[in-house]
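Naming convention: chains lettered A, B, ... in sequence-line order (proteins, then strands); numbering from 1 in each chain.
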Protein chains: 2
Amino acid sequence: MEIYKADKKSLYLEKHSIEHLFSAPVKAFMEVHEYQRDDWIIKEGTRPDFLFFVVDGNAKIYITHQNGKVSLINFINAKEFIGEMELLHDVYYTKGIQASTKTICFALPMHHYRKQLMEDAKFLRELTRFLSIKATQMAMKYTQSLAFPLENRLADFILQTADNGVYKEKHVTVCDYLGVSYRHLLHVLTQFCEKQYLQKEGRKYHIKQYDALKGLSQVLKNK
Amino acid sequence: MEIYKADKKSLYLEKHSIEHLFSAPVKAFMEVHEYQRDDWIIKEGTRPDFLFFVVDGNAKIYITHQNGKVSLINFINAKEFIGEMELLHDVYYTKGIQASTKTICFALPMHHYRKQLMEDAKFLRELTRFLSIKATQMAMKYTQSLAFPLENRLADFILQTADNGVYKEKHVTVCDYLGVSYRHLLHVLTQFCEKQYLQKEGRKYHIKQYDALKGLSQVLKNK
DNA sequence: AAGAAAATATGAGATATCTCCTATTTTGAG
DNA sequence: CTCAAAATAGGAGATATCTCATATTTTCTT
């Protein structure tokens with residue numbers, strides 16, 4: 001992890017200003033952190049000292065269960081907060097946050113800004129929106145995971161992440177995200193290939209029948 | 001549904017004042033609604049005109065999937081909001097909200113108060129807390145549902161809802177809530193009885209081995 | 001470049017959970 | 001009080017998903 005200083009810092013502060021998220025300035029004590037792929041931005045179970053705002057890159061939220069299973073709760077993208085739960089709650093089990101790519105965050109020291117932020121309507125409005133979307137997303141994922149088999153959820157995920165008709169996510173990550181075993185994921189992918197929805201080439205999968213996948217994923221959606 | 005007027009209304013407004021949730025008064029246009037058990041406070045897919053605050057009673061959030069399955073997303077208790085998603089978002093698929101008991105809500109007409117509320121730091125702070133807890137809860141339920149079999153989740157649910165050592169929730173509701181089939185729920189309950197964790201009497205279940213259930217439910221928890 | 005660790009692949013058998021069916025009991029509306 | 005609807009109950013077979021085991025390939029570290 002690198003903390004930007006001097007020019008490198010001010011460059012970032014200017015280029016990606018986030019002053020519009022706050023009523024009062026937060027530049028004074030703000031830091032700019034750069035994390036490399038696979039770095040832990042927050043270690044599970046350890047309270048962070050900063051409220052982060054992701055400027056560039058993306059990350060993953062993990063939780064480890066007592067039975068050893070690991071869940072990838074969600075992805076975090078640019079313009080999202082990290083550490084907001086700890087800002088709001090004194091007691092909270094902190095999830096692990098790992099950078100998926102090189103990730104640059106603005107880091108606001110909580111002890112400096114907590115009080116100010118909790119009285120800042122502009123900031124609270126932003127945070128409220130962010131949390132409301134998060135809550136809705138989680139609720140949808142939850143009910144979908146219970147109501148539909150992997151086939152549907154995987155089809156949806158493939159369409160969401162495919163780039164130019166090509167799906168090439170790491171199986172290991174996808175298992176954690178969709179909450180199924182490696183074995184089963186492979187099994188359903190093979191079915192998709194047998195049905196000619198996908199065509200495998202090395203470790204990439206080419207989408208051959210977009211409509212079929214779309215059909216499977218549509219079933220998840222309300223309206 | 002009944003709308004309280006005159007004395008009945010002012011009685012409630014005084015007895016359960018919620019002025020402390022807001023910086024500016026909201027009494028002027030506020031209504032007091034009473035719903036009977038099983039009434040729909042909000043019909044699925046229909047935008048509500050009010051932001052509700054539950055004063056008394058409790059309710060359930062439902063969503064119907066395209067395959068006909070129904071999920072009970074969560075319970076809503078006193079001192080919680082309903083309709084906050086529609087307050088924050090112009091486009092939103094509204095879930096159905098059904099009263100589980102007689103439920104009394106304060107109802108703030110959104111068109112009157114939206115602007116004011118979105119600039120009210122005190123209110124936004126409350127809402128932020130509320131949403132953060134909701135988001136965390138959903139995330140936990142989501143990952144738990146993927147990482148653990150019904151056995152564990154049911155044990156947890158039994159302990160949460162048992163009253164004086166007696167569990168007596170409606171199977172139908174529990175199925176929707178835990179996202180399993182009626183058949184399977186019965187199956188696991190029977191197992192609990194065979195293992196002597198529970199003892200069935202009519203349609204009640206007496207908890208016989210608290211520790212065994214506790215053990216099963218503890219596995220879900222982090223720290 | 002070599003060896004270790006991580007990721008990919010696949011088989012085989014176990015189990016958690018579902019669907020469909022049918023019967024009985026309880027609840028609610030008129 | 002009566003009938004229909006809802007809730008409870010359990011059998012039987014299907015299937016979605018898991019665990020374990022093992023082999024190969026790729027990636028990372030030194």
Check: So does H187(B) get a side-chain nitrogen or oxygen closer than 4.0 Å to the phosphate oxygens (OP1/OP2) of dT17(C)?
Finding: no
Margin query: Rounded to whole Å, how long is the line connecting atom CD of E169(A) with atom C1' of dA7(C)?
Written below: 14 Å
Check: Does any non-hydrogen side-chain atom of T136(A) lie less than 4.5 Å from one of K95(B)?
Finding: yes
Notebook entry, point to check: How close or far is atom C1' of dA7(D) from atom CG of D176(B), stated in whole angstroms?
Noted result: 13 Å
Next item on the list: Consider the side chain of V172(B), meaning its heavy atoms from C-beta on, and name the nucleotide among dA9(C), dT8(D), dT17(C) that approaches it most closely.
Entry: dT8(D)
Next item on the list: Report the nucleotide, chosen from dT17(C), dT19(D), dC18(C), that has the shortest atom-to-atom distance to any side-chain atom of S181(B).
Entry: dC18(C)
Margin query: Does E86(A) form a side chain to side chain donor-acceptor pair (under 3.5 Å) with T94(A)? I'd like the steps, not just the answer.
Written below: CA-CA 8 Å; E86(A) 291 80 2; T94(A) 297; 2.8 Å; yes
Notebook entry, point to check: Is there a donor-acceptor contact under 3.5 Å linking the side chains of Y93(B) and E44(B)?
Noted result: yes
Next item on the list: Compare the minimum distances between each of dA16(D), dA9(D), dA16(C) and the side chain of P149(A), then state the nucleotide with the smallest one.
Entry: dA16(D)
Next item on the list: Report yes if at least one side-chain N or O of K200(B) is closer than 4.0 Å to OP1 or OP2 of dT8(D); otherwise report no.
Entry: no
Item checked: Whole angstrom value for the distance that separates C1' of dA5(C) from CG of D38(A) -> 14 Å
Margin query: On DNA chain C, does the nearest nucleotide to R183(B) precede the nearest nucleotide to Q191(B) from the 5' side, or the other way round? Give the residue.
Written below: Q191(B)
Note to self: Nearest whole Å is fine: how far is dT17(C) C1' from L178(B) CG?
What the structure shows: 13 Å
Notebook entry, point to check: Can you check the L186(A) CG to dC18(D) P distance for me, whole Å?
Noted result: 12 Å
Next item on the list: Give the nucleotide from the list dT19(C), dT8(D), dA9(C) with an atom nearest to the side chain of K69(B).
Entry: dT19(C)
Notebook entry, point to check: Do any side-chain nitrogens or oxygens of K170(B) fall under 4.0 Å of OP1 or OP2 in dT8(D)?
Noted result: no
Margin query: Both R203(A) and G179(A) contact DNA chain D. Taking the nearest nucleotide for each, which residue is further toward the 5' end?
Written below: G179(A)
Item checked: F106(B) ring center within less than 6.0 Å of H16(B) ring center -> no
Notebook entry, point to check: Just checking H184(B): base, sugar-phosphate only, or nothing, at a heavy-atom cut-off of under 4.0 Å?
Noted result: base
Checklist line | Between dC18(D) (P) and E151(B) (CD): distance, integer Å | finding: 16 Å
Notebook entry, point to check: So does Y182(A) get a side-chain nitrogen or oxygen closer than 4.0 Å to the phosphate oxygens (OP1/OP2) of dA7(C)?
Noted result: no
Note to self: If I take atom CG in residue L185(A) and atom P in nucleotide dT19(D), what distance separates them, rounded to the nearest angstrom?
What the structure shows: 14 Å
Check: Within this structure, what is the CG-to-P distance between L150(A) and dT17(C), rounded to whole angstrom?
Finding: 16 Å
Item checked: D38(B) CG: over 12 foreign heavy atoms closer than 6.0 Å -> yes
